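Here is the naming used below: chain letters follow the sequence lines, and residue numbers restart at 1 for every chain. Not measured: the values here are computed from a predicted model. In what follows, every heavy atom counts, from backbone to side chain, and hydrogens, waters and symmetry copies are set aside.
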Amino acid sequence: MTNLEAADVFRRIAYLLEIKGEAIYRVLAYRRAADAIQELGRDLHDIWEQGELQKIPGVGKAIAEKIDELLRTGKLEYYEKLAAEVPPGLVEVLAVGDVGPKKAARFWKELNITSVDELEKAAQEGRLRELSGMGAKSEARILENIHALREQRTDRMLLGKAEQVSEQLLERLRGLKGVVQAEAAGSLRRFRETVGDLDLIVGAKNSGTVLEAFIQFPEVARTLGQGDTKASVELHDGTRVQVWVHPPEHFGSAWQYATGSQAHNVRLRELAQKRGLSLSERGFKTEQDDDITCAKEVDVYAALDLPWIPPELREDRGEIRAAQAGELPQLVEVDDLKGDLHAHSDWSDGGASMREMAEAALELGLEYLVVSDHSRSLGVANGLSIERLREQRDEISRLQSEIGDSLKILHGTEVEILADGSLDFPDEVLAELDIVIASLHMSLRQPREVVTERLLRALSNQNVDIIGHPTGRLIGQREPADLDMERIFRAAAEHDVALEINANPERLDLRDVHARLAIEQGCLLAINTDAHHPEHLQFRIFGVGTARRGWVTPDSVLNTWPLDKLQGWLADRKR
DNA sequence: GCCGTTTTCGGCCCGACTGTTTTCAGTCG
């Protein structure tokens with residue numbers, strides 16, 4: 001049973017309890033435990049075997065016992081009893097917008113609806129409006145939301161797309177009369193790997209006119225809701241966007257609120273309560289009902305005696321405790337990156353020449369760029385033969401003398417880790433290169449033991465400097481290889497091999513929680529773009545965002561080092 | 001059901017928006 005499957009059981013329990021009408025805090029407890037299990041980064045089995053289930057935040061005695069039963073037997077009696085009481089199909093009904101536990105329970109008890117199909121049929125037949133408190137409008141909304149669900153218009157989008165769409169809208173918003181400031185908030189600002197809807201926040205006095213203008217933007221297909229301070233719309237491509245408008249004197253608290261995460265905000269509000277304050281997007285209220293406004297985000301944190309907490313850390317993963325103790329990490333920043341250690345050219349499957357790639361790197365102010373084209377076995381990517389690899393070396397020398405000293409081009413390879421764990425080039429060929437990245441692209445579906453051993457074998461090859469996109473996942477398209485990450489981290493630390501945080505928004509691999517575990521084990525990381533076009537070098541912001549979500553500091557990142565230090569490290573390894 | 005530098009029992013965030021209502025419940029973030 002995977003972490004995701006176990007988390008799903010507890011999430012379903014939470015939903016069923018909620019429909020059943022159980023105490024909300026019991027529901028929240030199950031939901032919190034489900035989230036914690038899903039975001040572990042470690043294998044639930046390992047924690048179970050070590051008897052440390054109750055060390056997971058949100059897991060106490062009762063839920064630990066249920067995890068134990070689930071992992072031992074593959075089943076959970078408590079869940080099965082619950083599912084006999086409340087039809088489990090109702091969980092899917094909750095995924096329909098505007099349908100929560102109360103309505104789902106009434107649809108079930110009063111109309112005998114237990115699935116989305118049955119709900120759709122009832123709505124089409126006009127039976128929902130017969131319930132008290134429901135009307136034709138609610139019915140039409142629910143029907144529309146069922147269609148949106150069917151068309152998967154509710155899927156989360158990749159960070160790259162979210163960034164692009166958001167920037168476009170922010171540009172327009174900033175151009176509106178009276179707008180002082182417009183910024184991205186929500187999971188995009190926190191650099192979560194996928195984004196549900198876009199949350200934008202605007203500082204302006206005249207919220208009404210800004211919102212009116214916003215819903216008229218050409219990108220907007222329809223308005224889902226609009227009030228005094230916020231509007232919610234759907235764009236032509238199905239992207240959902242929420243815009244909040246607050247007066248500039250509230251901008252800080254509003255931005256903080258809209259950035260989330262929800263769990264982080266709940267913690268802050270609890271802290272506020274303990275001080276006799278109430279925190280909302282409008283700032284603080286004292287017990288005497290006096291307002292404390294926050295024009296800047298730092299004001300919100302300062303009122304709680306906390307330093308400003310970077311958005312990427314705001315996930316209720318210990319950041320508030322660290323802030324209270326004055327132990328927030330000094331996170332890596334984009335400007336810390338001195339080079340990119342993984343890029344492709346048209347020698348293999350890249351879309352640009354080495355010169356074009358180098359010029360793009362120069363423009364970003366990088367000190368060095370590694371050209372690391374694919375190796376011979378990756379036919380689909382036009383992998384290089386040994387002969388062509390050596391020709392490429394000569395070509396790089398020529399290019400280097402042409403462009404001068406401001407950018408050092410290093411010759412590397414992204415060498416295939418073959419199905420048996422051997423590498424696609426012999427050791428003597430790898431030894432000729434400046435730097436070697438070893439990656440998995442093929443046979444990713446091998447059993448855990450096999451694929452883990454395969455990566456461990458590559459890690460122990462003394463020519464290997466970096467493991468590229470370690471798990472091989474493609475977000476939303478291809479599951480990660482079933483690796484024992486803790487063994488990988490231990491081996492990487494032992495052999496002093498860096499693990500990549502691949503910055504391509506389709507990969508983000510290592511992911512945030514893995515990066516955090518890796519540095520705790522003493523691993524070195526490398527934040528690389530894996531660029532196949534000059535513009536892909538910009539992906540580094542997503543890699544840095546992911547690293548920051550993993551509490552990564554610059555000293556753990558190989559490519560924050562200046563060229564001479566990097567070359568020193570590489571030379572030491574060759575000995 | 002979980003949790004504790006005020007607690008091992010008694011708490012557990014806060015407000016906007018919508019639809020159906022004459023004052024509010026439900027949903028969402």
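Under a 4.0 Å N-O distance rule, the pair A/Asp68/A/Arg72 qualifies as a salt bridge. One finds a salt bridge joining A/Glu39 and A/Arg317 here, because a Lys/Arg side-chain nitrogen approaches an Asp/Glu carboxylate oxygen to under 4.0 Å.
Between the base of B/dG29 and the side chain of A/Tyr257 there is a donor-acceptor pair shorter than 3.5 Å.
Residue contacts for A/Arg282: at a heavy-atom cut-off of 4.0 Å it reaches the sugar-phosphate backbone alone, with no base atom in range. A/Leu268 comes within 4.0 angstrom of no nucleic acid atom, judged by non-hydrogen atoms across all strands. Counting any heavy atom pair closer than 4.0 Å across all strands shown, A/Lys103 reaches sugar-phosphate atoms only and no base atom. Residue-level contact check: A/Arg267 touches neither bases nor backbone, having no heavy atom under 4.0 Å from any strand. At a threshold of 4.0 angstrom between heavy atoms, the contacts of A/Gly186 with the nucleic acid are absent.
In this structure, A/Asp199 and A/Asp197 have side chains that are in contact, with non-hydrogen atoms separated by less than 4.5 Å.
Proximity note for A/Glu270 (side chain, C-beta onward) versus B/dG19, B/dG4, B/dC12: the nearest is B/dC12. Nearest to the side-chain atoms of A/Lys102 among the listed nucleotides B/dC13, B/dG26, B/dG15 stands B/dG26. Set against B/dC13, B/dC14, B/dA16, the side chain of A/Thr229 has B/dA16 as its closest nucleotide. Which of B/dT27, B/dG4, B/dA16 sits closest to the side chain of A/Glu281 comes down to B/dA16.
Mapping A/Arg106 and A/Ala136 onto DNA chain B by nearest heavy atom places A/Ala136 closer to the 5' end of the strand.
Checking the phosphate oxygens (OP1, OP2) of B/dT18, no side-chain nitrogen or oxygen of A/Ser138 falls inside 4.0 Å. Close to B/dG1, at under 4.0 Å from its OP1 or OP2, lies no side-chain N or O of A/Tyr25.
Remark: A/Arg31 is positioned above the aromatic ring of A/Tyr15, its terminal NZ or CZ atom under 6.0 angstrom from the ring centre and at most 45 degrees off the axis.
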